[in-house]
Amino acid sequence: MDSAAPRLPVDAEGRRPAFFAEDGVDQLVTMVLELATELWVLRERVFVIEAVADRHGLPLKAEVETYAISEAERAKLEGMRVTMMGQLFRTLNRDHRPVDADGKA
Amino acid sequence: MPFELSHELKAAHERDSLARQDFVSSLRGYILNDMAAGMKARFEDEVEPALVRSLGRAVQSQDEVHAAMRKDTYFKFYSSVRYNAQEMVWRAVIPGVEAALPDLSRQIDRLSSHGGGSLSLNPDLDIPENVAGLDVHLMPGGYANTETAAAGAVYDNGLAVFSAGFMGPNLDDIGLSMSNYVKRRFPDFHPARILDCGCTVGHNAAAWAQTFPDAEVHGIDVSASVLRYAHGRAQSLGLPVHYHQMDATDLAFEDASFDVIFTSMFLHELSLKDIKAFFVEAHRVLRPGGLLINMELPPNQELEPYDQFYLDWDCYYNKEPFYRAFRDQNPEDLIVAGGFARSDYFRFTVPQFSFTDEDAFIAAVNAPPSFDGETGRLSASLNWFGFGGWKAKI
Ligand SMILES: C[S@@+](CC[C@H](N)C(=O)[O-])C[C@H]1O[C@@H](n2cnc3c(N)ncnc32)[C@H](O)[C@@H]1O
């Protein structure tokens, strides 16, 4: 991405509502959904990769099984995992006082 | 599945973002169809019988439904998942929009010189609080009246995901359905000037230009950001629409200068005071014999308590603070207060033009309105609700 590009907000102003009485359950739902999203992203990508490989006659599945990940690749994957964690636990950094049905604190 | 935007301003999202968009779109489809049906069954089978026992009478209001449902686990998960999905809509499109921003203004400038439309901005306009002070429907930054077209791009890309395919390939099914309703229902009415108020990215105004190619079509909004985008979008689609930065409660147009005043999903984002001021203005700028037509959520008076509760979810949990106050009104009274004669009021429901064959559409247009739990809400068997009035001929 162009580093000079203006940044847009990604969170709406204000508190998130709490639907569950037990503290933390609402955040847990977010975590599960973020996880499900990323799982899907991966499945879609794998699907595309296999299709592309197939189109080019590459025995992709077999090579994946025996592939050795290098140190540099390991570090890169670690960075990707950290980003993913940030998404997964994003709600923990937001104000999370309960809001009642009228939207008032 | 979302449709891909088909005009030149569409952002080029990375593959993983596209996968996130697909996911959240499907998630919304699942929530609005499957979970919604499950929740209603849960109400009918368990919550309602218990409620009737404790009240000693039938359920009378959406507040009774809401209070009982708030304790129900199905409702909690439905709401929590739906709220998250709303956040995820925006989160899935913002990175792509951000990356596209540096080019967006250039693209709009280039498109501006190709085609018959125009853009007039008014930097001195006071931006009303319902826009300036609110991230409505959890859209980060709201309709932000900024120097860029960012808010328009976020809205358009977000709507493509949010609507989960229900708004048609160009997201303009509401505009197509409403304009074609007018064309088929009133074949002798030939509007020459049409105005869409609160047009946002102008997609539905552009649909009117498609349906009435001989008419001059205008769109107004208070946010310059969405209008810049609207202008580029319409130019890219080859539809000559004129966009103006203006407040609908204080239109800068002359008296009796339009044949049609149209709104869609607009009134429920205004305070009652502004809605009333808008109808007075609409009546003023309409020509005698002209038509006011609003696509909106159906009024609560037409719906069962459960369906009222279901639609008003947005008011409580989706940052739509004016939603219910509008839906609690009788639309007929609202337009009468604006100067329209009670006898000139009409209301209707119409199937989706994009997904209905010609004969079925014409039959529906001429049938009496029908209301049920599907009216006006995104779901597989949706139909749109509209109401309006004719300005008296003199
Ligand atoms: C939900 S959007 C309308 C959507 C659009 N008509 C459609 O069919 O998708 C509401 C729009 O109304 C605009 N708006 C709010 N108050 C307004 C006012 N007083 N005058 C003109 N536009 C206004 C907002 O900037 C926003 O773009």
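Residues Pro140(B) and Pro9(A) share a closest heavy-atom pair of CB-O, 3.2 Å. Of all heavy-atom pairs between Leu138(B) and Ala12(A), the closest is O-CB, 3.5 Å. Shown here for Leu8(A) and Glu98(B), the closest heavy-atom pair between the two residues is N-OE2, 2.6 Å. The nearest pair of heavy atoms linking Asp22(B) to Trp40(A) is CB-NE1, 4.4 Å.
Atom CZ of Arg15(B) sits in a sparse spot, with 12 or fewer heavy atoms from other residues, nucleotides or ligands closer than 6.0 Å. In this structure, Gln107(B) places its CD atom where more than 12 heavy-atom neighbours from other residues, nucleotides or ligands lie under 6.0 Å away. At most 12 non-hydrogen atoms from other residues, nucleotides or ligands lie less than 6.0 angstrom from CD of Glu147(B). The 12-atom threshold is exceeded at CD of Gln60(B), counting heavy atoms of other residues, nucleotides or ligands nearer than 6.0 Å.
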(Q) Does Val29(A) form a side-chain contact (heavy atoms from CB on, under 4.5 Å) with Asn84(B)? I'd like the steps, not just the answer. (A) CA-CA 8 Å; Val29(A) 174; Asn84(B) 274 280; 3.9 Å; yes
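Here the CG atom belonging to Leu33(A) is positioned 5.5 Å from the CE atom belonging to Met88(B), to the nearest 0.5 angstrom.
Residues Phe19(A) and Phe77(B) fail the side-chain proximity criterion, which asks for heavy atoms closer than 4.5 Å.
With a threshold of 4.5 angstrom between heavy atoms, Leu134(B) does not approach chain A through any atom at all. For Lys319(B), the part sitting under 4.5 Å from any heavy atom of chain A is the side chain, from C-beta outward, and nothing else. The part of Val48(A) that comes within reach of chain B is its side chain, from C-beta onward, which places non-hydrogen atoms under 4.5 angstrom from that chain. In this structure, no portion of Val136(B) lies under 4.5 Å from any heavy atom of chain A.
Salt bridge Asp11(A)/Arg91(B): present, at least one basic N to carboxylate O contact under 4.0 Å.
The closest donor-acceptor contact from the side chain of Asp135(B) to the backbone of Glu13(A) lies under 3.5 Å.
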